[in-house]
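If you're wondering where the values come from, they're calculated on a predicted model, not measured in any experiment. A note on names: the letters A, B, ... follow the listed sequences, proteins ahead of strands, and every chain is numbered from 1.
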Amino acid sequence: MLDIKLIRDNPELVKEKLKLRGEDDKVIHRIQKIDSDRLEILHKLEKLKELRNKASDEIAVMKKNKLDASTAINQTRLLGDEIKELDSQIKNLETELEKELYYIPALPDESVPIGKNETENVEVKVWGEKKSLTFKPKDHIELGKSLDILDFDRGTKIAGSGFPLYKGKGATLERALINFMLDTHISKNGYNEVITPVLANRASMEAAEKVPKFEDDMYYIQRDDLFAIPTAEVSILNIHRDEILKEEELPMRYSGFTNCFRREAGSYGKDTKGFLRVHQFNKVELINFCKPEDSYNELEKMLSDATRLLEDLNIHYRVIELCTGDLGFAASKCYDIEVWSYAEDKWLEASSVSNCTDFQSRRAKVRFKRHGGDGKQKTELVHILNGSGLATSRLMVALLESYQTEDGHIVVPEVLKKYTNFERI
RNA sequence: AGAGAGAUGGCUGAGUGGUUGAAAGCGGCGGUCUUGAAAACCGUUGUACCUCACGGUACCGGGGGUUCGAAUCCCUCUCUCUCUGCCA
């Protein structure tokens with residue numbers, strides 16, 4: 001959520017930044033109107049409350065001295081009616097304001113390339129190169145079927161399309177991948193491991209800025225008012241919701257593995273085969289709570305923590321810097337990491353690393369106390385970053401395809417062998 | 001799921017209608033003392049919003065109500081604990 005004060009004090013800047021994202025800036029005008037109405041009423045209301053408080057104190061004194069207070073009580077009663085009326089007006093305006101604010105995305109950082117959509121994203125790095133295969137590569141579905149390690153049909157029987165079933169060495173390979181990634185983050189990259197709930201309540205979903213805007217894309221259990229998390233970003237971020245952190249504890253880096261659930265509403269017919277777009281997938285997530293001045297350095301660190309895994313796995317990848325028009329809702333700056341698919345002959349997104357600055361922390365109320373030089377303390381919002389490190393489904397596509405042999409087998413990547421205890425599928 | 005108890009500041013824990021934003025203790029911060037540290041002593045220590053400022057308003061799990069006035073009374077929701085049931 002954006003800071004209403006920023007809109008109040010610098011609406012032109014906000015409009016300008018929203019335009020860069022291709023957003024309609026008319027909403028800013030509506031917000032300004034609601035905000036100024038609210039302030040006007042608030043001033044009146046607070047004045048009336050002050051009067052009432054004073055009158056009540058006087059009544060208390062009169063009662064104490066056994067004086068008749070009925071006139072004062074009758075007068076003050078009238079104040080109460082007025083206060084009640086203004087109170088409900090304020091409440092309505094605040095609801096209206098929130099409704100508008102909840103749908104406004106984060107403002108892009110200065111450094112983000114300007115562009116309308118994904119075609120204007122900027123490739124910032126390519127690592128490794130395409131292998132020149134001497135045979136026609138099979139795709140992951142074919143490989144999964146012939147080696148009996150992935151069974152999309154039976155996954156569909158169990159839950160529906162987009163709910164993959166891993167079998168035998170495929171399941172072991174998946175688990176190896178997850179363990180390898182987590183181990184690296186925990187023992188080498190300085191993250192604290194967590195295992196979180198995979199269901200989250202509405203407050204948590206709102207704090208992570210997934211609801212209300214993306215509510216239709218979430219699995220929702222009505223009976224208990226719980227959402228299946230679309231990413232561990234939601235559950236990990238909420239570890240510190242409504243908390244004031246200690247300055248010396250920052251940055252706090254967490255990593256956790258969870259299943260992730262997405263309805264992918266509206267994306268039917270696009271990249272639907274196999275792992276390319278699924279409703280349930282596995283992901284090792286990275287979340288970082290840090291001081292504002294550190295967040296862009298932390299973003300680069302997280303990017304390199306994620307890409308390092310692909311280098312260890314020896315998988316050809318590239319890093320894309322998203323342009324202003326393609327940024328995610330909560331992000332001020334974002335890198336995508338894409339892996340090469342030999343069978344699809346294109347790049348697949350395997351990770352996204354974002355700096356959400358104070359956009360989520362404002363709504364989640366995650367703050368820290370900054371020690372000033374004069375011994376005073378100031379409460380400030382932390383910056384929150386998230387990144388996949390990594391999501392396995394598309395990574396598995398790239399891995400299976402690039403490690404396949406001409407006779408249709410899979411060679412296990414060197415770094416995974418100690419996890420799989422086999423070298424070949 | 002049934003019965004009962006409860007939810008107060010960073011923590012423990014008082015407070016049942018009126019200067020209570022909230023006792024006390026612990027912790028934190030600043031200081032005195034000390035070669036240094038500990039102990040002791042003194043002071044200080046919630047969040048948010050409005051206001052150029054003085055200052056004001058709100059907040060004792062959430063929401064609503066009663067009242068001139070609510071942490072305190074009523075309704076409702078959520079959560080926690082104990083017992084019973086069920087269960088990996």
Side-chain angles (χ1 to χ4, degrees), chain A residues 1-10 31-98 101 195 197-207 211 220-227 235 238-250 252 259 289 358 361-382:
Chain A
M1 182 167 63
L2 290 184
D3 188 356
I4 180 65
K5 284 179 192 161
L6 180 65
I7 298 174
R8 187 183 298 156
D9 299 339
N10 209 338
I31 287 178
Q32 284 178 293
K33 173 82 173 89
I34 299 169
D35 183 50
S36 66
D37 287 354
R38 190 189 84 93
L39 282 186
E40 195 186 323
I41 293 173
L42 186 67
H43 293 151
K44 277 192 219 163
L45 179 63
E46 291 197 343
K47 208 77 206 159
L48 289 177
K49 284 188 174 172
E50 184 181 353
L51 285 176
R52 182 180 68 181
N53 288 346
K54 289 205 170 115
S56 291
D57 287 347
E58 281 162 20
I59 290 166
V61 172
M62 287 162 89
K63 291 241 179 183
K64 206 174 190 177
N65 295 330
K66 306 256 191 278
L67 296 170
D68 176 32
S70 55
T71 317
I73 288 176
N74 285 330
Q75 280 173 356
T76 313
R77 189 175 292 146
L78 298 174
L79 275 181
D81 295 340
E82 227 175 313
I83 286 170
K84 204 173 253 179
E85 168 60 24
L86 292 182
D87 248 337
S88 82
Q89 284 182 28
I90 287 263
K91 198 158 282 180
N92 289 340
L93 288 170
E94 278 172 354
T95 309
E96 243 179 277
L97 189 62
E98 276 189 341
L101 239 27
I195 298 176
V198 293
L199 297 182
N201 57 31
R202 191 169 287 275
S204 292
M205 293 296 282
E206 285 176 352
V211 161
Y220 174 61
I221 300 165
Q222 192 164 26
R223 192 181 158 108
D224 298 292
D225 197 24
L226 289 170
F227 295 85
S235 44
N238 275 280
I239 292 173
H240 294 300
R241 170 154 55 91
D242 280 320
E243 289 186 16
I244 297 177
L245 307 175
K246 292 199 174 85
E247 183 176 11
E248 54 275 18
E249 293 173 333
L250 302 176
M252 293 175 95
N259 304 119
F289 300 86
D358 59 9
S361 57
R362 182 168 297 107
R363 192 126 174 238
K365 295 199 180 69
V366 187
R367 294 153 292 172
F368 75 103
K369 274 222 195 310
R370 190 191 287 280
H371 303 289
D374 49 1
K376 285 187 181 148
Q377 296 189 325
K378 208 178 131 222
T379 311
E380 279 180 55
L381 295 171
V382 301

- Please state whether the phosphate of B:rA48, meaning OP1 or OP2, lies under 4.0 angstrom from any side-chain nitrogen or oxygen of A:K365. no

- Task: Using only side-chain N and O atoms of A:K91, determine if any of them is under 4.0 Å from OP1 or OP2 of B:rG64.
- Result: yes

- Item | Donor-acceptor pair (no angle test) under 3.5 Å: A:E46 side chain, B:rG56 base | yes

- In whole Å, what is the span from the CG atom of A:L42 to the P atom of B:rA58? 11 Å

- Phosphate OP1/OP2 of B:rU19: any A:N53 side-chain N/O under 4.0 Å: no

- Note on the structure: Applying the 3.5 Å cut-off to both distances, the Watson-Crick or G-U partner of B:rA58 turns out to be B:rU47

- Nearest-neighbour nucleotide for the A:K369 side chain, B:rU47, B:rC68, B:rU57 considered: B:rU47

- B:rC86 -> Watson-Crick or G-U wobble partner, both distances under 3.5 Å, gives none

- Query: How far, in whole Å, is B:rU8 from B:rG4 if one measures between their P atoms?
  - Reply: 22 Å

- Identify whether the distance between the nearest side-chain nitrogen and carboxylate oxygen of A:K5 and A:D9 falls below 4.0 Å. no

- Message: Taking A:M1's backbone N and O only, do any of them form a donor-acceptor pair with A:R362's side chain (distance below 3.5 Å, no angle check)?
- Response: yes

- Please say whether more than 12 non-hydrogen atoms of neighbouring residues, nucleotides or ligands are located less than 6.0 Å from CG in A:L78. yes

- Got a donor-acceptor contact below 3.5 angstrom from the A:S361 side chain to the A:L381 backbone? no

- Taking OP1 and OP2 of B:rU78, is either one under 4.0 Å from a side-chain nitrogen or oxygen of A:R202? no

- Query: How far, in whole Å, is B:rG36 from B:rA22 if one measures between their P atoms?
  - Reply: 38 Å

- Message: How many whole angstroms separate atom CG of A:D242 from atom P of B:rC60?
- Response: 15 Å

- Task: Determine the Euclidean distance between corresponding P atoms of B:rG9 and B:rC59; express it in Å to zero decimal places.
- Result: 15 Å

- Message: Would you say A:R8 places a side-chain N or O within less than 4.0 Å of OP1 or OP2 belonging to B:rC50?
- Response: yes

